Amino acid sequence: MHLKPFAYHRPLSLAGLWDIMDKAPSGGFILLGGGTDVLPRMGQRLLAPAALIGLKNIAELKVIEREGDDVFIGAASALQHVRESELVSRLFPALAQAAARVGSPQLRHMGTIGGNLCLDTRCLYYNQRQGPGAFPRCYKKGGDRCHVVKGGKRCYALFSADTPAALLALDARVCIGGAAGKREAPLNEFYRDDGIRSRDIGEKEIVLGIKIPGKPVRVSAYLRFSTRAAIDFPLAGLAVSVEKSRSGAFVNPRVAATGICSRPLRLAGLETLLAGRDVRREITEEEWGDALKELRPVRHQGISPAYRKYLFGVLMQRARARLVP
Amino acid sequence: MEQPIKLQINGRSYMLNVGPQVTLLHVLRDYLGLTGTKEGCDGGECGACTVLCDGESVLSCLMLALDAQGKNILTIEGLANNGELDRIQEAFVEEGAIQCGFCTPGMVLSTKALLDRNPHPTFEEIREGISGNLCRCTGYVKVFGAVARLAGTGKPFSDK
(Lines give C-alpha, C1' and ligand atoms only; values in the text may rest on other atoms or scores of the structure.)
Protein backbone atom coordinates (compact mmCIF):
# COMPACT_ATOMS: atom_id res chain seq x y z
CA MET A 1 0.00 0.00 0.00
CA HIS A 2 1.43 3.35 -0.93
CA LEU A 3 0.63 5.72 1.87
CA LYS A 4 1.20 9.41 2.09
CA PRO A 5 4.00 10.25 4.54
CA PHE A 6 3.07 10.78 8.19
CA ALA A 7 4.86 10.93 11.52
CA TYR A 8 4.65 7.72 13.51
CA HIS A 9 4.78 7.67 17.30
CA ARG A 10 5.06 4.44 19.19
CA PRO A 11 4.82 5.17 22.93
CA LEU A 12 5.78 2.44 25.39
CA SER A 13 3.51 3.52 28.24
CA LEU A 14 0.29 5.42 28.87
CA ALA A 15 2.29 8.30 30.35
CA GLY A 16 4.24 8.52 27.11
CA LEU A 17 0.99 8.37 25.14
CA TRP A 18 -0.62 11.26 27.04
CA ASP A 19 2.50 13.30 26.45
CA ILE A 20 2.38 12.72 22.68
CA MET A 21 -1.37 13.33 22.48
CA ASP A 22 -1.03 16.50 24.51
CA LYS A 23 1.52 17.96 22.10
CA ALA A 24 -0.25 16.82 18.93
CA PRO A 25 -2.41 19.41 17.19
CA SER A 26 -6.12 18.76 17.57
CA GLY A 27 -7.41 16.45 14.85
CA GLY A 28 -3.87 15.92 13.61
CA PHE A 29 -3.47 12.29 14.59
CA ILE A 30 -5.18 8.93 14.41
CA LEU A 31 -4.72 6.14 16.92
CA LEU A 32 -3.49 2.91 15.42
CA GLY A 33 -4.32 -0.45 16.99
CA GLY A 34 -3.79 -3.32 14.57
CA GLY A 35 -4.05 -1.01 11.56
CA THR A 36 -6.50 -3.25 9.75
CA ASP A 37 -9.21 -0.56 9.55
CA VAL A 38 -7.16 2.64 9.43
CA LEU A 39 -4.46 1.66 6.91
CA PRO A 40 -6.83 0.50 4.12
CA ARG A 41 -8.72 3.79 4.50
CA MET A 42 -5.45 5.68 4.22
CA GLY A 43 -4.68 3.64 1.12
CA GLN A 44 -8.04 4.66 -0.32
CA ARG A 45 -7.14 8.27 0.50
CA LEU A 46 -10.15 8.57 2.77
CA LEU A 47 -7.89 9.50 5.67
CA ALA A 48 -4.67 11.47 5.53
CA PRO A 49 -3.47 12.05 9.10
CA ALA A 50 -0.35 14.07 9.82
CA ALA A 51 0.55 11.52 12.47
CA LEU A 52 -0.31 8.04 13.64
CA ILE A 53 0.08 6.95 17.24
CA GLY A 54 0.64 3.22 17.58
CA LEU A 55 -0.81 1.58 20.71
CA LYS A 56 0.68 -1.87 20.24
CA ASN A 57 3.71 -1.34 22.45
CA ILE A 58 1.79 -0.24 25.53
CA ALA A 59 1.80 -3.28 27.82
CA GLU A 60 -0.97 -1.85 30.06
CA LEU A 61 -3.37 -2.04 27.13
CA LYS A 62 -2.76 -5.72 26.41
CA VAL A 63 -3.94 -7.38 29.61
CA ILE A 64 -6.92 -9.68 29.99
CA GLU A 65 -7.49 -10.08 33.72
CA ARG A 66 -9.99 -10.43 36.52
CA GLU A 67 -10.88 -7.33 38.53
CA GLY A 68 -12.99 -8.71 41.36
CA ASP A 69 -16.09 -10.18 39.72
CA ASP A 70 -15.41 -8.32 36.48
CA VAL A 71 -13.03 -9.10 33.67
CA PHE A 72 -10.98 -6.30 32.10
CA ILE A 73 -9.78 -6.63 28.53
CA GLY A 74 -7.17 -4.10 27.41
CA ALA A 75 -7.94 -2.30 24.16
CA ALA A 76 -4.75 -3.45 22.40
CA SER A 77 -5.47 -7.14 23.01
CA ALA A 78 -5.48 -8.93 19.66
CA LEU A 79 -8.85 -10.38 18.70
CA GLN A 80 -7.27 -13.81 18.41
CA HIS A 81 -6.04 -13.57 22.01
CA VAL A 82 -9.47 -12.49 23.20
CA ARG A 83 -10.99 -15.45 21.43
CA GLU A 84 -8.44 -17.89 22.84
CA SER A 85 -8.55 -16.51 26.37
CA GLU A 86 -9.76 -19.24 28.70
CA LEU A 87 -11.45 -16.62 30.88
CA VAL A 88 -13.38 -15.13 27.97
CA SER A 89 -14.53 -18.38 26.43
CA ARG A 90 -15.66 -19.74 29.78
CA LEU A 91 -17.51 -16.66 31.04
CA PHE A 92 -18.47 -14.79 27.88
CA PRO A 93 -19.01 -17.23 24.99
CA ALA A 94 -20.75 -14.55 22.91
CA LEU A 95 -17.60 -12.42 22.98
CA ALA A 96 -15.32 -15.35 22.10
CA GLN A 97 -17.67 -16.26 19.24
CA ALA A 98 -17.84 -12.67 17.98
CA ALA A 99 -14.04 -12.27 18.12
CA ALA A 100 -13.71 -15.56 16.21
CA ARG A 101 -15.95 -14.25 13.43
CA VAL A 102 -14.02 -11.06 12.70
CA GLY A 103 -12.31 -11.29 9.30
CA SER A 104 -9.63 -13.90 8.66
CA PRO A 105 -7.00 -15.43 10.99
CA GLN A 106 -4.49 -12.87 9.73
CA LEU A 107 -6.82 -9.97 10.54
CA ARG A 108 -7.56 -11.42 13.99
CA HIS A 109 -3.86 -11.71 14.76
CA MET A 110 -3.41 -8.04 13.90
CA GLY A 111 -6.74 -6.43 14.79
CA THR A 112 -7.47 -5.44 18.37
CA ILE A 113 -10.62 -5.41 20.47
CA GLY A 114 -10.25 -1.65 20.95
CA GLY A 115 -10.04 -1.24 17.20
CA ASN A 116 -13.14 -3.35 16.75
CA LEU A 117 -15.02 -1.21 19.31
CA CYS A 118 -13.93 1.90 17.42
CA LEU A 119 -14.33 0.46 13.92
CA ASP A 120 -15.34 3.26 11.64
CA THR A 121 -18.75 3.07 10.01
CA ARG A 122 -18.88 1.89 6.41
CA CYS A 123 -20.91 2.76 3.36
CA LEU A 124 -21.00 1.71 -0.28
CA TYR A 125 -20.68 5.35 -1.26
CA TYR A 126 -17.78 6.07 1.09
CA ASN A 127 -15.42 3.10 1.22
CA GLN A 128 -14.01 3.40 -2.24
CA ARG A 129 -11.30 5.36 -3.92
CA GLN A 130 -12.41 8.81 -4.95
CA GLY A 131 -12.02 9.27 -8.68
CA PRO A 132 -13.28 11.43 -11.50
CA GLY A 133 -16.95 10.91 -12.15
CA ALA A 134 -17.52 9.73 -8.59
CA PHE A 135 -20.71 10.52 -6.73
CA PRO A 136 -21.04 14.04 -5.32
CA ARG A 137 -19.49 14.19 -1.86
CA CYS A 138 -21.65 12.79 0.89
CA TYR A 139 -21.71 13.91 4.54
CA LYS A 140 -18.98 11.46 5.49
CA LYS A 141 -16.73 12.86 2.78
CA GLY A 142 -17.41 16.41 3.92
CA GLY A 143 -20.26 16.99 1.45
CA ASP A 144 -23.87 17.97 1.85
CA ARG A 145 -25.98 14.88 1.17
CA CYS A 146 -26.55 11.23 1.94
CA HIS A 147 -26.79 8.85 -1.03
CA VAL A 148 -28.28 6.03 1.01
CA VAL A 149 -31.20 7.93 2.50
CA LYS A 150 -32.31 10.45 -0.10
CA GLY A 151 -32.93 13.76 1.60
CA GLY A 152 -31.32 12.43 4.80
CA LYS A 153 -30.13 15.10 7.20
CA ARG A 154 -27.26 13.06 8.60
CA CYS A 155 -24.82 10.32 7.66
CA TYR A 156 -26.36 6.84 7.75
CA ALA A 157 -23.11 4.87 7.30
CA LEU A 158 -23.32 1.44 8.84
CA PHE A 159 -21.68 0.18 12.01
CA SER A 160 -20.64 -3.39 11.37
CA ALA A 161 -18.17 -4.55 14.03
CA ASP A 162 -18.91 -7.93 15.59
CA THR A 163 -17.66 -7.73 19.17
CA PRO A 164 -19.60 -4.61 20.26
CA ALA A 165 -22.91 -6.47 19.80
CA ALA A 166 -21.67 -9.26 22.06
CA LEU A 167 -20.36 -6.75 24.58
CA LEU A 168 -23.66 -4.84 24.62
CA ALA A 169 -25.50 -8.08 25.34
CA LEU A 170 -23.05 -8.77 28.17
CA ASP A 171 -23.67 -5.37 29.83
CA ALA A 172 -20.05 -4.31 29.31
CA ARG A 173 -18.67 -0.95 30.35
CA VAL A 174 -16.10 0.92 28.32
CA CYS A 175 -13.03 2.36 30.10
CA ILE A 176 -11.87 5.63 28.62
CA GLY A 177 -8.73 7.50 29.56
CA GLY A 178 -6.83 10.66 28.84
CA ALA A 179 -4.18 12.85 30.42
CA ALA A 180 -6.88 14.20 32.79
CA GLY A 181 -7.82 10.80 34.16
CA LYS A 182 -10.03 7.81 33.58
CA ARG A 183 -13.76 7.36 33.27
CA GLU A 184 -16.12 4.48 32.72
CA ALA A 185 -19.41 4.40 30.85
CA PRO A 186 -21.96 1.75 29.95
CA LEU A 187 -21.12 0.64 26.40
CA ASN A 188 -24.70 1.43 25.39
CA GLU A 189 -24.06 5.12 26.11
CA PHE A 190 -20.74 5.11 24.25
CA TYR A 191 -22.36 4.79 20.83
CA ARG A 192 -24.54 7.22 18.89
CA ASP A 193 -26.63 6.61 15.81
CA ASP A 194 -24.54 8.91 13.63
CA GLY A 195 -22.38 7.64 10.79
CA ILE A 196 -19.75 10.33 11.23
CA ARG A 197 -19.33 10.51 14.98
CA SER A 198 -20.65 7.18 16.18
CA ARG A 199 -18.68 7.20 19.43
CA ASP A 200 -18.87 9.51 22.41
CA ILE A 201 -15.19 10.10 23.09
CA GLY A 202 -13.04 13.21 23.31
CA GLU A 203 -10.35 14.01 20.78
CA LYS A 204 -7.62 13.47 23.33
CA GLU A 205 -9.13 10.42 24.96
CA ILE A 206 -8.62 6.77 24.13
CA VAL A 207 -10.48 3.55 24.83
CA LEU A 208 -8.36 1.81 27.47
CA GLY A 209 -10.39 -1.34 27.43
CA ILE A 210 -13.63 -2.99 28.26
CA LYS A 211 -14.98 -4.25 31.56
CA ILE A 212 -17.47 -7.10 31.58
CA PRO A 213 -19.40 -8.06 34.71
CA GLY A 214 -18.87 -11.71 35.72
CA LYS A 215 -21.90 -11.58 38.04
CA PRO A 216 -24.71 -12.37 37.51
CA VAL A 217 -23.53 -15.30 35.43
CA ARG A 218 -24.91 -15.07 31.90
CA VAL A 219 -25.31 -17.64 29.16
CA SER A 220 -24.66 -16.02 25.79
CA ALA A 221 -24.22 -16.57 22.09
CA TYR A 222 -23.30 -14.54 19.00
CA LEU A 223 -24.36 -15.43 15.48
CA ARG A 224 -23.92 -13.61 12.26
CA PHE A 225 -24.67 -13.81 8.61
CA SER A 226 -22.25 -12.62 5.96
CA THR A 227 -21.78 -13.37 2.29
CA ARG A 228 -18.31 -14.86 2.79
CA ALA A 229 -17.12 -15.56 6.31
CA ALA A 230 -13.52 -14.42 6.20
CA ILE A 231 -13.53 -11.29 4.08
CA ASP A 232 -16.94 -9.76 4.58
CA PHE A 233 -18.46 -7.65 7.27
CA PRO A 234 -21.67 -9.04 8.76
CA LEU A 235 -24.90 -8.33 6.88
CA ALA A 236 -26.50 -9.05 10.22
CA GLY A 237 -25.00 -9.94 13.59
CA LEU A 238 -26.94 -10.79 16.72
CA ALA A 239 -25.85 -11.42 20.31
CA VAL A 240 -28.11 -12.78 23.04
CA SER A 241 -27.41 -13.20 26.70
CA VAL A 242 -29.58 -14.32 29.57
CA GLU A 243 -29.00 -14.78 33.29
CA LYS A 244 -28.61 -18.38 34.30
CA SER A 245 -31.72 -19.61 36.04
CA ARG A 246 -32.95 -22.94 37.37
CA SER A 247 -36.38 -22.52 35.83
CA GLY A 248 -35.00 -22.50 32.29
CA ALA A 249 -36.57 -19.11 31.60
CA PHE A 250 -34.99 -16.11 29.89
CA VAL A 251 -34.16 -13.93 32.89
CA ASN A 252 -33.15 -10.33 32.10
CA PRO A 253 -32.49 -11.13 28.45
CA ARG A 254 -30.29 -8.84 26.38
CA VAL A 255 -30.37 -8.85 22.61
CA ALA A 256 -27.98 -6.67 20.64
CA ALA A 257 -27.45 -6.33 16.91
CA THR A 258 -24.76 -5.08 14.59
CA GLY A 259 -25.00 -4.21 10.91
CA ILE A 260 -28.30 -2.49 11.51
CA CYS A 261 -27.66 1.27 11.81
CA SER A 262 -24.79 3.59 12.66
CA ARG A 263 -24.26 1.98 16.06
CA PRO A 264 -24.61 -1.45 17.69
CA LEU A 265 -28.16 -1.58 18.95
CA ARG A 266 -30.10 -3.25 21.76
CA LEU A 267 -33.30 -4.70 20.31
CA ALA A 268 -35.91 -3.90 22.95
CA GLY A 269 -38.68 -5.66 21.03
CA LEU A 270 -36.90 -8.99 21.09
CA GLU A 271 -35.89 -8.52 24.74
CA THR A 272 -39.54 -8.02 25.67
CA LEU A 273 -40.52 -11.07 23.66
CA LEU A 274 -37.95 -13.23 25.45
CA ALA A 275 -38.39 -11.97 29.02
CA GLY A 276 -39.73 -14.67 31.32
CA ARG A 277 -40.28 -17.10 28.48
CA ASP A 278 -39.05 -20.69 28.52
CA VAL A 279 -35.73 -21.00 26.68
CA ARG A 280 -36.86 -24.29 25.15
CA ARG A 281 -39.89 -22.72 23.48
CA GLU A 282 -39.20 -21.96 19.84
CA ILE A 283 -39.73 -18.49 18.48
CA THR A 284 -42.09 -18.34 15.53
CA GLU A 285 -41.68 -16.09 12.52
CA GLU A 286 -44.85 -14.29 13.50
CA GLU A 287 -43.50 -13.57 16.97
CA TRP A 288 -40.17 -12.14 15.86
CA GLY A 289 -41.89 -10.33 13.03
CA ASP A 290 -43.98 -8.51 15.62
CA ALA A 291 -41.00 -7.87 17.89
CA LEU A 292 -38.97 -6.34 15.06
CA LYS A 293 -41.83 -4.21 13.74
CA GLU A 294 -40.16 -0.97 14.88
CA LEU A 295 -36.90 -1.81 13.14
CA ARG A 296 -36.21 0.29 10.04
CA PRO A 297 -32.95 -0.85 8.42
CA VAL A 298 -31.87 1.33 5.52
CA ARG A 299 -30.45 0.11 2.21
CA HIS A 300 -26.70 0.01 2.89
CA GLN A 301 -25.63 -3.12 1.19
CA GLY A 302 -26.58 -5.12 -1.83
CA ILE A 303 -29.51 -6.70 -0.06
CA SER A 304 -32.90 -5.25 0.69
CA PRO A 305 -33.81 -3.83 4.11
CA ALA A 306 -36.68 -6.31 4.36
CA TYR A 307 -34.33 -9.24 3.86
CA ARG A 308 -31.93 -7.89 6.46
CA LYS A 309 -34.79 -7.66 8.92
CA TYR A 310 -35.63 -11.26 8.09
CA LEU A 311 -32.00 -12.24 8.81
CA PHE A 312 -32.19 -10.77 12.29
CA GLY A 313 -35.32 -12.84 12.97
CA VAL A 314 -33.67 -16.04 11.79
CA LEU A 315 -30.54 -15.32 13.80
CA MET A 316 -32.77 -14.83 16.86
CA GLN A 317 -34.38 -18.21 16.30
CA ARG A 318 -30.98 -19.88 15.99
CA ALA A 319 -29.49 -18.03 18.94
CA ARG A 320 -32.32 -19.28 21.15
CA ALA A 321 -31.45 -22.85 20.24
CA ARG A 322 -27.84 -22.19 21.26
CA LEU A 323 -28.92 -21.08 24.74
CA VAL A 324 -30.81 -24.27 25.54
CA PRO A 325 -28.80 -26.05 28.24
CA MET B 1 11.19 11.08 7.45
CA GLU B 2 13.40 8.06 6.90
CA GLN B 3 14.88 6.33 9.88
CA PRO B 4 17.25 3.40 10.33
CA ILE B 5 15.56 0.13 11.26
CA LYS B 6 16.73 -3.40 11.83
CA LEU B 7 14.59 -6.30 10.70
CA GLN B 8 14.95 -9.99 11.40
CA ILE B 9 13.75 -11.86 8.32
CA ASN B 10 14.18 -15.60 7.74
CA GLY B 11 16.86 -15.66 10.42
CA ARG B 12 18.92 -12.89 8.82
CA SER B 13 19.30 -9.33 10.03
CA TYR B 14 18.74 -6.47 7.65
CA MET B 15 19.58 -2.83 8.30
CA LEU B 16 17.79 -0.27 6.17
CA ASN B 17 16.36 3.22 6.13
CA VAL B 18 12.62 3.59 5.66
CA GLY B 19 9.91 6.16 6.24
CA PRO B 20 6.99 5.39 8.59
CA GLN B 21 4.59 5.07 5.66
CA VAL B 22 6.46 2.09 4.19
CA THR B 23 4.75 -1.25 4.71
CA LEU B 24 6.52 -4.50 5.45
CA LEU B 25 5.32 -5.83 2.09
CA HIS B 26 6.97 -2.92 0.31
CA VAL B 27 10.22 -3.53 2.21
CA LEU B 28 10.22 -7.25 1.44
CA ARG B 29 9.54 -6.88 -2.25
CA ASP B 30 11.10 -3.59 -3.25
CA TYR B 31 13.91 -3.02 -0.74
CA LEU B 32 15.06 -6.61 -0.17
CA GLY B 33 14.01 -8.29 -3.40
CA LEU B 34 12.11 -11.02 -1.52
CA THR B 35 9.39 -11.19 -4.13
CA GLY B 36 7.98 -14.53 -2.98
CA THR B 37 5.57 -12.52 -0.85
CA LYS B 38 2.88 -11.36 -3.27
CA GLU B 39 1.01 -8.10 -3.54
CA GLY B 40 -2.61 -8.97 -4.31
CA CYS B 41 -5.41 -6.66 -3.25
CA ASP B 42 -3.05 -4.52 -1.14
CA GLY B 43 -5.94 -3.81 1.20
CA GLY B 44 -6.10 -6.66 3.68
CA GLU B 45 -8.58 -8.93 1.95
CA CYS B 46 -6.82 -11.56 -0.15
CA GLY B 47 -4.01 -12.96 2.02
CA ALA B 48 -1.44 -13.13 -0.81
CA CYS B 49 1.00 -11.06 1.26
CA THR B 50 0.77 -13.30 4.34
CA VAL B 51 3.99 -13.68 6.32
CA LEU B 52 4.58 -15.08 9.79
CA CYS B 53 5.36 -12.62 12.55
CA ASP B 54 6.63 -14.43 15.66
CA GLY B 55 4.82 -17.50 14.35
CA GLU B 56 1.46 -15.80 13.76
CA SER B 57 0.12 -15.20 10.27
CA VAL B 58 -0.21 -11.50 9.47
CA LEU B 59 -0.78 -9.40 6.38
CA SER B 60 2.42 -7.64 5.40
CA CYS B 61 0.47 -5.09 3.32
CA LEU B 62 -1.15 -3.79 6.54
CA MET B 63 1.93 -3.88 8.70
CA LEU B 64 4.19 -0.87 8.84
CA ALA B 65 7.85 -1.81 8.50
CA LEU B 66 8.60 0.09 11.71
CA ASP B 67 6.27 -2.24 13.58
CA ALA B 68 8.13 -5.30 12.31
CA GLN B 69 11.22 -4.33 14.30
CA GLY B 70 12.07 -6.80 17.04
CA LYS B 71 9.89 -9.50 15.49
CA ASN B 72 10.92 -12.72 13.79
CA ILE B 73 9.53 -12.46 10.28
CA LEU B 74 9.27 -15.58 8.15
CA THR B 75 8.56 -15.31 4.44
CA ILE B 76 8.16 -18.09 1.88
CA GLU B 77 11.88 -17.77 1.04
CA GLY B 78 12.73 -18.88 4.56
CA LEU B 79 10.97 -22.22 4.29
CA ALA B 80 13.06 -24.33 1.93
CA ASN B 81 16.38 -25.47 3.36
CA ASN B 82 19.39 -25.73 1.01
CA GLY B 83 17.14 -26.16 -1.98
CA GLU B 84 15.07 -28.83 -0.25
CA LEU B 85 11.39 -28.02 0.02
CA ASP B 86 9.67 -27.79 3.37
CA ARG B 87 7.16 -30.60 4.03
CA ILE B 88 4.25 -28.19 3.52
CA GLN B 89 5.58 -27.16 0.13
CA GLU B 90 6.12 -30.85 -0.72
CA ALA B 91 2.52 -31.65 0.15
CA PHE B 92 1.23 -28.78 -1.99
CA VAL B 93 3.25 -30.05 -4.94
CA GLU B 94 2.23 -33.65 -4.49
CA GLU B 95 -1.46 -32.86 -4.12
CA GLY B 96 -1.38 -30.47 -7.07
CA ALA B 97 -2.58 -27.66 -4.80
CA ILE B 98 -1.04 -25.05 -7.08
CA GLN B 99 -2.19 -23.59 -10.36
CA CYS B 100 -0.98 -20.10 -11.12
CA GLY B 101 0.90 -19.99 -7.83
CA PHE B 102 0.09 -16.44 -6.86
CA CYS B 103 -1.77 -17.34 -3.67
CA THR B 104 0.55 -20.24 -2.82
CA PRO B 105 3.14 -18.47 -0.64
CA GLY B 106 0.35 -17.10 1.54
CA MET B 107 -1.47 -20.44 1.59
CA VAL B 108 1.70 -22.26 2.62
CA LEU B 109 2.46 -19.80 5.40
CA SER B 110 -1.11 -19.85 6.72
CA THR B 111 -0.83 -23.63 6.74
CA LYS B 112 2.42 -23.41 8.65
CA ALA B 113 0.90 -21.06 11.22
CA LEU B 114 -1.99 -23.47 11.65
CA LEU B 115 0.02 -26.70 11.87
CA ASP B 116 2.73 -25.29 14.14
CA ARG B 117 0.07 -24.58 16.74
CA ASN B 118 -2.28 -27.44 15.98
CA PRO B 119 -0.57 -30.37 14.21
CA HIS B 120 -3.80 -32.34 13.75
CA PRO B 121 -6.54 -29.88 12.89
CA THR B 122 -10.07 -30.99 12.02
CA PHE B 123 -11.53 -30.13 8.60
CA GLU B 124 -13.32 -27.20 10.16
CA GLU B 125 -10.07 -25.93 11.65
CA ILE B 126 -8.32 -26.36 8.30
CA ARG B 127 -11.08 -24.39 6.56
CA GLU B 128 -10.74 -21.63 9.10
CA GLY B 129 -6.94 -21.73 9.04
CA ILE B 130 -6.75 -20.91 5.34
CA SER B 131 -9.95 -18.86 5.14
CA GLY B 132 -7.93 -15.66 4.87
CA ASN B 133 -6.23 -16.74 1.65
CA LEU B 134 -8.14 -16.33 -1.56
CA CYS B 135 -7.39 -18.48 -4.59
CA ARG B 136 -8.98 -17.80 -7.96
CA CYS B 137 -7.80 -21.02 -9.63
CA THR B 138 -8.10 -24.19 -7.62
CA GLY B 139 -11.43 -23.97 -5.87
CA TYR B 140 -9.55 -24.92 -2.68
CA VAL B 141 -10.26 -28.66 -2.82
CA LYS B 142 -6.66 -29.59 -3.55
CA VAL B 143 -5.38 -27.09 -1.04
CA PHE B 144 -7.56 -28.73 1.63
CA GLY B 145 -6.21 -32.04 0.42
CA ALA B 146 -2.61 -30.94 0.93
CA VAL B 147 -3.26 -29.60 4.42
CA ALA B 148 -5.34 -32.61 5.39
CA ARG B 149 -2.55 -34.90 4.23
CA LEU B 150 -0.13 -33.10 6.53
CA ALA B 151 -2.63 -33.13 9.36
CA GLY B 152 -3.15 -36.86 8.92
CA THR B 153 -6.89 -36.34 8.59
CA GLY B 154 -7.18 -38.19 5.28
CA LYS B 155 -8.87 -36.83 2.20
CA PRO B 156 -11.50 -34.22 3.00
CA PHE B 157 -13.53 -34.94 -0.12
CA SER B 158 -14.02 -38.42 -1.49
CA ASP B 159 -13.12 -39.15 -5.12
CA LYS B 160 -16.27 -41.06 -5.99
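Each chain gets a letter, A, B and so on, in the order the sequences are listed, and its residues count up from 1. Values in this document were obtained by computation on a predicted structure and should not be read as measured data.
Residues A:K141 and A:L46 meet the side-chain proximity criterion, which asks for heavy atoms closer than 4.5 Å. At a threshold of 4.5 Å between non-hydrogen side-chain atoms, the residues A:I53 and A:I30 do not count as touching.
Contact annotation for A:R108: only side-chain heavy atoms (C-beta onward) come within less than 4.5 Å of a heavy atom of chain B. Contact of B:E128 with chain A is made through backbone and side chain together, with heavy-atom distances under 4.5 Å. For chain A, no part of B:L114 is nearby; none of its heavy atoms comes within less than 4.5 Å.
Comparing A:N57, A:D232, A:L3, A:L32 by heavy-atom pairs within less than 4.5 Å of chain B, the highest count is held by A:L3. Counting heavy-atom pairs under 4.5 Å between each of A:R228, A:K4, A:M110 and chain B puts A:M110 at the top. Contact count versus chain B (heavy atoms, under 4.5 Å) is highest, among A:P40, A:A100, A:G103, A:G54, for A:P40.
Annotation: the span from B:R117 atom CZ to B:S57 atom OG amounts to 10.0 Å, rounded to 0.5 Å. Residue A:H9 holds its NE2 atom at 10.0 Å from NZ of A:K23, rounded to the nearest 0.5 Å. Annotation: the span from B:L7 atom CG to B:Y31 atom OH amounts to 11.0 Å, rounded to 0.5 Å.
Other residues, nucleotides and ligands contribute over 12 non-hydrogen atoms within 6.0 Å of the CZ atom of A:R90. Taking a 6.0 Å sphere around CD of B:E124, one finds it holds 12 or fewer heavy atoms contributed by other residues, nucleotides or ligands. Applying the 6.0 Å contact sphere to NZ of A:K56 captures more than 12 heavy atoms from other residues, nucleotides or ligands. Within a 6.0 Å sphere centred on CZ of A:R41, heavy atoms belonging to other residues, nucleotides or ligands number more than 12.
Residue-level contacts of residues 65-85 of chain B with chain A, in order of numbering, are B:L66, B:D67, B:Q69; threshold 4.5 Å between heavy atoms. Contacts from residues 47-55 of chain B to chain A, taken as heavy-atom pairs separated by less than 4.5 Å, involve B:G47, B:T50 in sequence order.
At distances below 3.5 Å, not a single donor-acceptor pair connects side-chain atoms of A:N116 with backbone N or O atoms of A:A161.
Aromatic ring centres of A:H2 and B:H26 lie closer together than 6.0 Å.
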Legend entry - Steps toward side-chain contact (heavy atoms from CB on, under 4.5 Å) verdict (B:Y14, B:K6): CA-CA 6 Å; B:Y14 295 88; B:K6 184 178 162 190; over 6 Å; no
